[in-house]
Structures are given as structure tokens and as C-alpha cells.
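One-based numbering along the sequence shown. Side chains are part of it too, since the values below use all heavy atoms of this structure and drop only hydrogens, waters and symmetry mates.
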Amino acid sequence: MERMTVAGPANRDCAEIGADKIGLMPDTSPRVARPRGRPRKDAEFAPTDKVMAAAIEAFSVHGYNGVSLRTVNDELGVSRNLLYQRFGSKAELWRAAVDWAFSPLLEYLETADDESADPMIRLRMLIRNFIEYSATRPYLARIATVEGSAPTDRLEYLYRNYIRPVQARFAPVFELLREQGRIKNIPTEIFYFQLTSGGTAPFGQVGLVSLMAPKLAAPDDNQVRLYAENVADMLLNGLSLPEIKRR
């Protein structure tokens, strides 16, 4: 099996941060459009980014059992043997697609994290960065929801390689704020579910959002920033201890 690496637009996220480490990250993931006519047979028509974008979208919408190599090949408009020849199995395609989708998230959170900042400000920025990054990549929340519904080897892989490292980015900030007596002793797992399942819900539930809050169905940078700040306010207000109790 060919070893797939994160490349192209998905890997440029961190490089584009520049001086403004917490700026919004535009979604530069390739859009996959199925060409007209009979599928082309050459593998060059399906570069890695297009294959991964099509695969992660399919897995996040239809679930693992609802996807086949054949359907992804058809979506790409390539030979129906292409993905089998490249990956060998649907399981290996799933892993490659998950790596392609989630690795840049970890890189972005690490690069944008200012460890020298006041821990409360740092926690706010981590919340905002996570939500803003997820806003243009709805497949992240959908994959976590779909795979989190039952214990499988896939969930174990996702948890070990990506969910747990995201938790680990937040954990030391929580510990420091607890030591300083600035937050309640709320388990980090509760915070994680509120942030990931609650905070990113509008981006994975576009159909519902289009009815309930149409502006969030296709938000611009300012709307996403305002939404992220509102979520951060709710989470931090729930965590923070009143000043009188800290004395």
C-alpha cells in the first residue's frame, strides 16, 4: 500500500498562520466535482488531495458501512480499480482519509497556541481556534459523531491518534487554572463534549442550521468569529469561579 502523506492545501493551514496566529483559516480543501462522460482510467486524474476530500466527505456523511471503494471511485470519475490498487481495502482508505483530515487540526492547534499567555486567555484562544478551524471543515465533527456512536477499531484509532491529543492540548491549561483557583473542578471530559459536540454542531448539521439560523449555514469570517466568541463566553462563564470565592 502506498503511504499517503498530508500535502497540498490541507497541509498549508499552519504555514498560512503567519504573524496572526489566531486568524481564521480559510477552507482550501479541494472541491471534488464528478466529470461528465465515462470515467477516466489514468491514476493521475485522482491526486491525493482530491481522493482524500472525496473519501472523508463520503465517510462523514454516509458512515463507514455506507461507503464502498466503488462509490468513491465513481464520485471521482476514475477507474473502479483505482482505489483498490492504491489502498488495498476500504479500511486503509478510511485511515488515510482520517489522517489527511485530522493531522492538520493538531498542527494548527499546536502552532496557534500561545503557551506564554495568561491561562484564561490561552483557554479562550484554544476554544476559538478549535471552532474557527472546524467551521470550514464540517467533516471533522461528522466523523467524530459517526464513529463515536459505537466501539470499533476505527474509533480506537481516531481516539488514540486525534481525540486524545486534542484533549491533551487543553489539559495543562485546566490544571494551571485549577491550581490558581480560577475555575471550578469540572471534569475536562464535560468541557470536551460541550466544545466539540456542542460548539461545532452548526457546522456538521447544515440542514438544521439552514432552517434555524440561516446565517450560520454559509457563514463569513466575522460570523464565525462572533459565534466562536459566544461559545467561549458560555464555556468560560460556566467554568470560572466568582472573584469572591477565589479570595
Side-chain angles (χ1 to χ4, degrees), residues 5-7 9-29 98-137 139-141 143-144 157-201 203 221-222 224-243 245-247:
T5 58
V6 178
N11 209 29
R12 287 202 300 269
D13 291 334
C14 295
E16 292 175 357
I17 291 172
D20 183 11
K21 298 202 298 181
I22 59 173
L24 291 180
M25 302 301 297
D27 182 13
T28 54
S29 301
V98 164
D99 290 343
W100 179 89
F102 282 85
S103 291
L105 169 62
L106 297 184
E107 294 170 10
Y108 175 59
L109 290 178
E110 179 180 3
T111 304
D113 184 12
D114 184 0
E115 297 183 10
S116 66
D118 175 86
M120 192 66 79
I121 295 176
R122 183 183 173 194
L123 182 56
R124 173 178 287 274
M125 292 301 98
L126 282 169
I127 294 170
R128 200 174 82 181
N129 292 341
F130 184 87
I131 290 176
E132 289 179 348
Y133 189 93
S134 300
T136 54
R137 296 158 180 83
Y139 48 74
L140 296 173
I143 281 285
Y157 182 85
L158 184 63
Y159 177 74
R160 182 177 66 251
N161 291 285
Y162 300 109
I163 294 176
R164 193 161 59 189
V166 169
Q167 289 181 294
R169 175 61 48 185
F170 286 85
V173 190
F174 267 75
E175 292 174 7
L176 184 55
L177 287 169
R178 287 195 186 105
E179 290 174 3
Q180 295 175 352
R182 298 170 69 180
I183 63 172
K184 303 169 186 173
N185 191 29
I186 295 176
T188 55
E189 293 81 5
I190 294 178
F191 169 84
Y192 175 84
F193 285 118
Q194 294 298 313
L195 171 63
T196 59
S197 298
T200 65
F203 314 122
D221 288 355
N222 291 331
V224 172
R225 174 61 56 85
L226 177 61
Y227 173 79
E229 289 288 1
N230 286 335
V231 172
D233 284 342
M234 292 182 65
L235 291 175
L236 294 179
N237 288 339
L239 284 168
S240 299
L241 282 169
E243 183 70 27
K245 289 188 177 182
R246 287 189 256 154
R247 293 175 179 173

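In this structure, CG in Asp113 is found 8.0 Å from CG in Asn129, a value given to the nearest 0.5 Å. The distance from the CZ atom of Arg128 to the CD1 atom of Ile121 is 11.0 Å, given to the nearest 0.5 Å. In this structure, Arg169 CZ and Glu110 CD are separated by 5.0 Å, a value rounded to the nearest 0.5 Å. For the atom pair Leu235 CG and Asn230 CG, the distance stands at 11.0 Å (nearest 0.5 Å). Here the CD1 atom belonging to Ile190 is positioned 9.5 Å from the CG atom belonging to Leu239, to the nearest 0.5 angstrom. Met234 contributes atom CE, which lies 11.5 Å from atom CG of Leu236 (distance to the nearest 0.5 angstrom).
Across all non-hydrogen atoms, the minimal contact from Val166 to Leu105 is CG2-CD2, 4.4 Å. The shortest non-hydrogen separation linking Lys184 to Ser240 is CE-O, 3.5 Å. Residues Arg178 and Thr188 share a closest heavy-atom pair of NH2-CG2, 3.8 Å. The minimum heavy-atom distance between Arg182 and Pro119, with the atom names listed, is NH1-CG, 3.7 Å. Closest approach of Ile186 to Gly238, counting heavy atoms only: CD1-O, 3.8 Å. The minimum heavy-atom distance linking Leu241 with Gly181 is given by the pair CD1-O, 3.5 Å.
For Phe174, the ring pair (Phe, Tyr, Trp, His ring centres under 6.0 Å) test picks out Phe191, with sequence neighbours left out. Remark: Phe130 engages no residue in a ring pair (Phe, Tyr, Trp, His ring centres under 6.0 Å) (not counting sequence neighbours). For Ala232, the side chain to side chain contact (heavy atoms under 4.5 Å, CB included) partners at least two apart in sequence or on another chain are Arg124, Ile127.
With a 4.5 Å cut-off on side-chain heavy atoms, Tyr157 and Asp99 count as touching. Contact of the Asp114 side chain with the Met125 side chain is not registered, since no non-hydrogen atoms from C-beta on lie closer than 4.5 Å. Annotation: side chain of Tyr162 is in contact with side chain of Val98 (closest heavy-atom distance under 4.5 Å). Considering only heavy atoms from C-beta on, Val231 stays 4.5 Å or farther from Thr200 through its side chain. Within the 4.5 Å cutoff, the side chain of Tyr133 has no heavy atoms near those of the Leu109 side chain. The closest side-chain heavy-atom distance from Arg137 to Pro104 is not below 4.5 Å. At least one side-chain heavy atom of Val173 sits less than 4.5 Å from a side-chain heavy atom of Leu126. Taking the side chain as every heavy atom from C-beta outward, Ile183 and Met120 approach each other to under 4.5 Å.
The aromatic rings of Phe203 and Tyr227 sit perpendicular to each other, their planes meeting at more than 60°, with 30° as the lower class boundary.
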side-chain hydrogen bond (donor to acceptor under 3.5 Å, both in side chains) assessment of Tyr192 paired with Ser197:
CA-CA 8 Å; Tyr192 175 84; Ser197 298; over 6 Å; no

